[in-house]
Structures are given as C-alpha cells and as structure tokens.
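Here the structure comes first, spelled out in structure tokens, and everything after it is commentary.
Labels below follow one simple rule: chain letters A, B, ... track the order of the sequence lines, proteins then strands, and each chain is numbered from 1.
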There are 2 protein chains.
Amino acid sequence: MQASFTEENYLKAIYHLSEEGRQQVNTNRIAMVLNTKPASVTDMLKKLSEKNLLNYTRYQGVSLTDPGRNIALKVIRKHRLWEFFLVEKLNFGWDEVHDLAEQLEHIQSVELINRLDSFLGFPEYDPHGDPIPKDNGTIKCYDLKPISALHVGETGTIAGVREHSPLFLQYLEKMNLVIGKKISMEEVIAYDETVVITTENNQKINISKAAAKNILITI
Amino acid sequence: MQASFTEENYLKAIYHLSEEGRQQVNTNRIAMVLNTKPASVTDMLKKLSEKNLLNYTRYQGVSLTDPGRNIALKVIRKHRLWEFFLVEKLNFGWDEVHDLAEQLEHIQSVELINRLDSFLGFPEYDPHGDPIPKDNGTIKCYDLKPISALHVGETGTIAGVREHSPLFLQYLEKMNLVIGKKISMEEVIAYDETVVITTENNQKINISKAAAKNILITI
DNA sequence: TTGTTGTTTTAGATGTGTCTAAATTTTTAA
DNA sequence: TTAAAAATTTAGACACATCTAAAACAACAA
Ligand SMILES: [Mn+2]
Ligand SMILES: [Mn+2]
Ligand SMILES: [Mn+2]
Ligand SMILES: [Mn+2]
C-alpha cells in the first residue's frame, strides 16, 4: 500500500491540521496549507477515502484512519530526521532546512531512514524542537506552552516554535533565542502586550505579542 | 530552466548511451534502458528538443546539446555523491545503493549537493569507481581496460566495473575483487576463455569471460 | 530497383493531479 | 424561519507522461 508523493503530502497536512484544532479537518483549510484549490482537495479526499486512508463524508470534513495516520507519521519521521541531518552534519541553519526536507521526506526506503537514524545517534527532537516519530509509529506527545502563557517572575526553557517560517527563525537566531535557552518573564507592557523577558546573563529582551505566542517553552 | 524528474532521467540515459557507442543515440535503445516504449520516447524527444536540451531530427536519432549535457552531468554528480554517502556514512554495500541514488539524484538544491560534497571530503570516485563530476561540469575522462584485455603476465589494479547489477557486485564482493585490488593475468583457458588471475597473496581465481569483460583496471 | 524487415513516428486513449466556473449544501444572521 | 453568505462539491477541461495499434520511413538484400 504505497502512497504517491502527492498523497503523502495530503496525509501529512491533514495530520498536522488535526493536531492543532482537534475537530474535523475541513476542505478549505487543507487547500490553503497545500497551496491548491478546494476542488482539487475534494478530488483527492475521495481518492484517499477509497484507499481507506481517511474517513470522509461529503460536506463533513475528514479524519485520518490508522493506516493514514501511520503513513503521515512515517513522512514526518523522515522530514525531521533529514532536517536533523542537514543541520548537524551539513551545517545548514535551522531556517534553511524545511524546503529541502519537503523533498527528502518522500524518498522511499525504510532501510535508508533507519540507518540515517542510527548514523545521527537516534535523535529525539528535530532542529525546531519537534519530536521525531520512532520507526514503530510512536511519537512523544509533548505539551509546551508559549512564552505568553508565563506569569511574571516565572522561568522556562525554550523547547520549540509554533511557526517555522525562515523569517521568524532568523529573527530568533539573531536574538539568540534558540532551543535550550533559559528565560524568565519580566513583565507584559500594558499598551500593546509586548513581552519583556530576561535571559540567563540578565539581558532584557522585548518581544512582540505575536512572537511570544510562537515561542514554546517547558517549565 | 528546470528539468522535471522524468526529463532528467531521459537526459541522463542519453548521456550514458552516447558515452558507450559514440554514434547517435537511437529511440529503441533509449526505450530499452528506461523501461518504456519507443512511442513514449519519441514524445519526450520532441519535448526535450523543443527545450533545446537535445538535437533531434525525425528518424535520425539524438545527441545532447550543451545545456542538456550539463543537466545530465549534474544529475550524475548527485547520483554518485549520494552513492558515496550511502556506502561511506551509512554503511550500505556497493550493491545496495544504486536504486536509492536513483531517487536521491532528483533532489533539487545546488547548495545541498555542494555541502554534501564537502562533508564527504570531495571524493573523486563513487563506490563503483566511476568519476564524480565537479560542480563546474567537468568530469575526468578515464580510460580503463577490462581484465580481458590484459596479456598473460601483465598486472593491473581494479578501478571500476562495466556492469552495476547487484548480482554482479555481490559476486565480486564475495570473491574480494573490489576497487583497489592488484591482480595479474595468469592465463586464458582455451576451451571457454575462462580467465585465471592471481591476487596479491598469490591466490588463483577463475573468472568467466563475461565477468572478465566487466571488471575494469588501470595498468 | 524493388520488396522485405526493422525502426520510428503518429493517432488516439488512459491515469494522475490540477484548474475554473457553476451548482449544491451547510452555516449564520436577520 | 428564511435569506444571505460561506463552504463544499460537481462538471468539464487541461498538462504531463504513458500506452497500444497502425502508419510511415530507412536500410538492406535480392
Ligand atoms: Mn520542516
Ligand atoms: Mn522541523
Ligand atoms: Mn548507480
Ligand atoms: Mn555508481
């Protein structure tokens, strides 16, 4: 039961969408993230439903079946392992690897990806802090909070991001707000909800409300 | 001027075919190596000719243009660098890597392949002894001879193979006839042209006529 | 030179994934 | 409850790469 390049992308997108909001995933949203048109999505949903990779009833949205979810997780595993490889071995920046991984994630070979995993030392997280699914289909469900959820005086460690655009990642890099950094909440400016945080070396940094929502921490 | 997955495969196949026989490359031969039908080949030749990637006149066969040859060399560069990676870093056998490289060679990114090249230490040859084209499009034209061209008593070093099937490569591996081995020609059995060679540690090995033609050496 | 053979090309069709425009269904708001 | 708005699906078309069957052409031998 091999899924095509395009089918894999649909399954992955639907998986990601059902992670964020827990309701049914709707057609327009899928079209948006896949950069395509709703009519095309409907066609594909019918096909994937036919193949039993998702549950689909007209006008009702979709959810993945177990086989569908499994394929999605395999693709995500490949995506994140390749991203790790690109950053750790080829010295790419964390803002440069996503598009490349979008291509590499479709290379078909279980043996290859398991050897890559081993070569990389079985990493648990990708360069953006996202957990890497295991070969058996398990994935750590991590619950991180955005910085904006911290109360004044509380402390946390940066562990992930909610947005993966190069612009955002470059900005974080420049501010040295990278995975593993300890920060604490200083105050929230009443005027525009700008967040002020302090780093380990007592540096104060101002972060916009939008940015603070997209930086994830553990406590 | 981006070539599609399929177009790249055609250009690569035509490049390889024009390397062996130096005449024009003909339709049926292309269909054979690409595992497709002559009618399909004609369609594609018209398209590639339209794009100025090859010279095509009906019934006359084809030859690559400079842009076409260039794309072919880029694909071959990627193929051979990935093969090197798979063998040297992920410990695949030289008989296991070709099909994987057939997929990886289509990943689009100049930056990726140049970083991979650097990561691997700028290798000159792939695991089968084939020269790896440089980023600037140059490729070592090597002239190796088959073992069968040695005269009795002459010595050579194994430097390549003319056939890449897993079965053949596994056979060579088992016989320890790998790249770099020094061998000398002992005799040719008159009856069926079986070739007898001796290795450095004075071991005698019998090789069929067919195999002797497909093992390449430098003198 | 002419007929035969093998190669190559055309004609017409298929499968996949996509699109626009129009029709249908659901949701929302009056 | 009903009308308008938004979401979704159908209808019909297209691009790409492929196929089979039939026609056109080239090479060769009689
Ligand atoms: Mn990514
Ligand atoms: Mn990532
Ligand atoms: Mn190969
Ligand atoms: Mn090779």
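Put simply, A:K46 has no side-chain N or O that comes within less than 4.0 Å of OP1 or OP2 on D:dT9. When the side-chain nitrogen and oxygen atoms of A:Y10 are compared with OP1 and OP2 of C:dT18, one or more of them lie within a distance under 4.0 Å. One finds no side-chain N or O of B:Y56 lying less than 4.0 angstrom from the OP1 or OP2 phosphate oxygen of C:dT8. For the pair A:T36 and C:dC19, the criterion of a side-chain N or O lying under 4.0 Å from OP1 or OP2 is met. In this structure, A:T27 reaches the D:dT9 phosphate: one of its side-chain N or O atoms is under 4.0 Å from OP1 or OP2. Contact annotation: B:K37 side-chain N/O to D:dT18 OP1/OP2 distance is not under 4.0 Å.
Rounded to whole Å, atom P of D:dC16 lies 12 Å from atom CG of B:L48. Rounded to whole Å, the distance from OH on B:Y59 to P on D:dA23 is 13 Å. D:dA23 atom C1' lies 12 Å from atom CZ of B:R58, rounded to whole Å. Rounded to whole angstrom, the span from the CD atom of B:E50 across to the P atom of D:dA15 amounts to 15 Å. As a whole-Å value, the separation of A:Q24 CD from C:dT27 P is 12 Å. Taking atom CZ of residue A:R29 and atom P of nucleotide D:dA6, one finds them 18 Å apart after rounding to whole Å. Counting to the nearest Å, the P atom of C:dT18 and the CD atom of A:E7 are 10 Å from each other.
Residue A:N28 has its side chain nearest to D:dA7 when only D:dT9, C:dT26, D:dA7 are considered. For B:D43, taking side-chain heavy atoms from C-beta onward, the closest of the listed nucleotides D:dA26, D:dC19, D:dT10 is D:dC19. Listed nucleotides: D:dC25, D:dT18, C:dT18. Nearest to the side chain of B:M44: D:dT18. Checking C:dT26, D:dT10, D:dT20 against every side-chain atom of B:A39, the shortest atom distance belongs to D:dT20. With C:dT18, D:dT18, C:dT9 as the choices, the nucleotide that has an atom nearest any side-chain atom of B:S40 turns out to be D:dT18.
Both tests pass for B:R115 against the ring of A:F92: distance under 6.0 Å to the centre and angle within 45° of the axis. Relative to the six-membered ring of A:F85, B:K89 misses at least one condition, a distance below 6.0 Å or an angle of at most 45° to the axis.
Checked against a 6.0 Å centroid threshold, the rings of B:H128 and B:H98 do not count as neighbours.
B:S18 places a side-chain N or O within donor-acceptor distance of the main-chain N or O of B:I14, the cut-off being under 3.5 Å. In terms of modelled atom types and a separation under 3.5 Å, the side chain of B:E193 and the main chain of B:V188 share no donor-acceptor contact.
Taking for each of B:G61 and A:S4 the nucleotide of DNA chain C with the nearest heavy atom, the 5'-most of the two is the partner of B:G61.
In this structure, B:T6 reaches the sugar-phosphate backbone alone: every heavy-atom distance under 4.0 Å involves primed, P, OP1 or OP2 atoms, never a base. As judged by a 4.0 angstrom heavy-atom cut-off over every strand, A:N26 is placed among residues touching the sugar-phosphate backbone only. When heavy atoms are screened at a 4.0 angstrom cut-off, A:F5 is found touching no nucleic acid atom at all.
Of the listed residues (B:L64, B:I71, B:V62), just one forms a side chain to side chain contact (heavy atoms under 4.5 Å, CB included) with B:L53, and that residue is B:I71.
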